[in-house]
**Q** 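If you scroll down you'll find the structure; I have some questions about it.
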Amino acid sequence: MSQSRVRCRLAVDVGGTFTDVALELGAGGGVVTAKVLTTPHAPEEGVVAAVGQAIREAGVGAGDVGLLIHGTTLATNALIERTGAKTALLVTEGFRDSVEMALENRFEQYDISIDRPAPLVPRHLRWPVTERMNHVGEVLVPLDERSVRALLPRFERHGIEAIAVGLLHSYANPGHEQRVGEILAGALPDVRITLSSEVCPEIREYERQSTACANAYVQPRMSGYLTRLEAELRALGLACPLLLMTSGGGLTTLANATRFPIRLVESGPAGGAILATEIARECGDENAVSFDMGGTTAKICLIDGYEPQSTRTFEVARAYRNLKGSGLPVRIPAIEMVEIGAGGGSIAAIDGMGRLDVGPASAGADPGPACYGHGGQHPTVTDADVVLGRIGPDDFAGGSIRLDPVRARNAIGNAVGEPLDLAGPLAALSISEMVDENMANAARVHAVEWGKDISARTMIAFGGAAPLHAARLAQKLGLRRVIVPAGAGVGSAIGMLRAAVSYEVVRSRYVRLAEFDPGVVNALLGEMNEEARAVVVAGAGDAELEEVRHAFMRYVGQGHEIVVPLPVRTLETGDGETLAAAFDAEYARLYGRTIPGQEREVLSWTLTITARREPSPEGDPSSVNAGVPRAPAAHSGAHHPCADAALDRTAPAEPLAGTDGARHLFDPVLADYRGAAVYRRETFDPLDDVMGSAVIVEDQTTTVVPEGFQVSVNAFGHLVLERTDGSA
């Protein structure tokens, strides 16, 4: 029966392997979800397929969708895989190598063989122009426009698709960059141009140039994709606004995202962090850790006081043991998380020293893991999960993809089992243990960098692969409690439905509090307010707006700043003392003391406008049943096909009373398969806690409950796994 005229909201998360959709229906209609394989050659095709599937299943029309929210890791993948546009960088004469010299520090002090990440723009494509500003924006050397025009033949000769302009001190005075941009746009209308003074108008040239290069590098691909996506969605009948998830957890317009696609680098994972934050608040877990594992990557985020960690600088593609400094810095508002190449599609292989490596290379959606039967020859984490009995061949992706256990077993045996002289299930276990340890190590390093204790937290696990590995990861990290929310398989998409339209503007403007001039600061904040408000109003219409301001302050002579809240009003002369008091309070909170007699200064100012979010008609979609309820899938309770060699002496697992079947699940302690109860999530509502071993199957994922855990369903419909083995 059609639910027409119900204004729905739809969220889409495009990952490297799967495209997820969550369709939120009004008037208590719940949330309908869909998961399809991403189409790497044309990602918009996968989006249209997933959206169409969700709309048909919900029984609504395309015209009933009132808002579409989109997040993606395509920009991230382009940076990690180095598949972006051929980019040139224009710099102030004499500073050609700044972006490669970086900060001249060593992220691993005692390893003489470390390599820094190569800049996105190689030296032969970094070209100087004649000009110079000082740190307050005064012109020392006027721009020589002839030096810019002299470079024009090079762009065509080198096949340049995008240009980043990163001149010295352009954050203080963007005039020279703007004129360079005008000259380039007039001569090269088909080339994308990024000005550092627009994408990152902040002090510190290395981070500013790196961010400008990254924006230029991904812009042709992302803008082309977003343009095609909008056309395809309109052809499907969706006439609603299209908003993009940003790395900072807000929503922005299509026009702004096309101009600054670097702000989308962590847009998909940001949706997951929002979901985890909502779940933590809902369940009363003040300190939590978000664990999002999909087909290509795993993302881990710390949540303190019901708020995710946030940052203004993060690194993409850390290349050395997840250490800070080994990636490409991007200076944008972002939810702080660590992301590694560990997903269901991560490929397992033996390296030149005879060691097992898992990831970061991924089989992706095409050809995918060996068990997909689409031509993939390399064993992956998904293949291991099939062999270990965690994934039923008929259950995967709601039965839309039938897996081939024989292909999985053969791929693992050939690539891992034979070289390591391990039997089939032990070879699969080694793959699983390796990827779990990689994720655990990343989580430990991330927590240590932020001075946090990760063990005293509740894990919130979502994404297609996370519930399969969450219990084991919790054991490795010493966690005692895991929550798997409703709709976990498409958690990031559901999280996007909770995001507010929001936009942050930052400006570097040096001010010593001893010389505080409220007129200058008010004028600056006024300009920032206009810019942010224009973006938010375009996406949220006449919604009520909220404004938040911060200053990045330090003692004179220090090298780094702390974030200090600002009052949202017209500042007055006496507010120099207001800022000083706010700085002292925050400094004392962070470091336990202040420094008497030391002068204070402001380097940068931020202003965020947010549209107040109206609650969903049926409440938080993370707490409703994810998808239209279905009848339990048939389970034969038959012998697991990958256990043949190991279980010749063992009878097939028998279904238990109250379950939907049974399955053979490999037990690493017994080094053998044992029977595990199988439940459908839609009908799983036990009167008493269920003890492991058990698996709880839903259309987009499966939750594994191993020995040493018990599972229950809380008042919000989330699965709660608790340790019972007594270990820390």
**Q** Before accepting this row, confirm whether a basic side-chain N of the pair E266/K299 lies closer than 4.0 Å to the acidic partner's carboxylate O.
**A** no

**Q** Can you name the nearest heavy-atom pair linking R593 to Y587, along with the distance?
**A** O-CD2, 3.1 Å

**Q** Please check: side-chain N/O of N134 versus main-chain N/O of E138, any donor-acceptor pairing under 3.5 Å?
**A** yes

**Q** Using a strict cut-off of less than 4.0 Å between a Lys/Arg side-chain nitrogen and an Asp/Glu carboxylate oxygen, indicate whether R179 and E182 qualify as a salt bridge.
**A** yes

**Q** Check whether any side-chain N or O of E207 sits under 3.5 Å from a backbone N or O of P329 as a donor-acceptor pair, and report yes or no.
**A** no

**Q** Any side-chain donor-acceptor pair under 3.5 Å between R208 and S170?
**A** yes

**Q** Counting C-beta onward and ignoring hydrogens, is there a side-chain heavy-atom pair between L79 and L120 closer than 4.5 Å?
**A** yes

**Q** Would you confirm whether N522, through its side chain, and L571, through its main-chain N or O, come within 3.5 Å as a donor-acceptor pair?
**A** yes

**Q** Any salt bridge between E527 and R507, counting N to O under 4.0 Å?
**A** no

**Q** Less than 3.5 Å apart, any donor N or O on the side chain of T92 or E131 sitting next to an acceptor on the other?
**A** yes

**Q** Where do S492 and D292 come nearest, in terms of heavy atoms and distance?
**A** OG-OD2, 3.2 Å

**Q** Assess whether a salt bridge exists between E547 and R569, defined as any Lys/Arg side-chain N lying under 4.0 Å from an Asp/Glu carboxylate O.
**A** no

**Q** Can you tell me if S197 and Q178 form a side-chain donor-acceptor pair at under 3.5 Å?
**A** no

**Q** Is there a donor-acceptor contact under 3.5 Å from the side chain of R132 to the main chain of L143?
**A** no

**Q** Closest heavy-atom contact between Y171 and S508?
**A** CD1-CB, 3.6 Å

**Q** Does N287 offer a backbone N or O that forms a donor-acceptor pair with the side chain of R457 under 3.5 Å?
**A** no

**Q** Determine yes or no for a side-chain-to-main-chain donor-acceptor pair under 3.5 angstrom, with Y306 supplying the side chain and R281 the backbone.
**A** no

**Q** If you compare all heavy atoms of T194 against all heavy atoms of A212, which two are closest, and at what distance to 0.1 Å?
**A** CG2-O, 3.7 Å

**Q** Charged N to carboxylate O under 4.0 angstrom, R263 versus E504?
**A** no

**Q** Answer yes or no: is there a donor N or O on one side and an acceptor on the other, between the side chain of E601 and the main chain of R554, under 3.5 Å?
**A** no

**Q** Of all the heavy-atom pairs spanning T87 and V121, show the shortest one and how long it is.
**A** O-CG1, 3.4 Å

**Q** Are any of the side-chain nitrogens in E586 or R589 under 4.0 Å away from the carboxylate oxygens of its partner?
**A** yes

**Q** Keeping Q558 on the side-chain end and Y555 on the backbone end, is there a donor-acceptor pair under 3.5 Å?
**A** yes

**Q** Consider only side-chain N and O atoms of T130 and D144, and report whether a donor and an acceptor are under 3.5 Å apart.
**A** no

**Q** Between the main-chain N or O of T258 and the side-chain N or O of Q219, is there a donor-acceptor pair closer than 3.5 Å?
**A** yes

**Q** Test your reading of the model: is there a side-chain donor-acceptor pair from R96 to the backbone of R126, 3.5 Å cut-off?
**A** yes

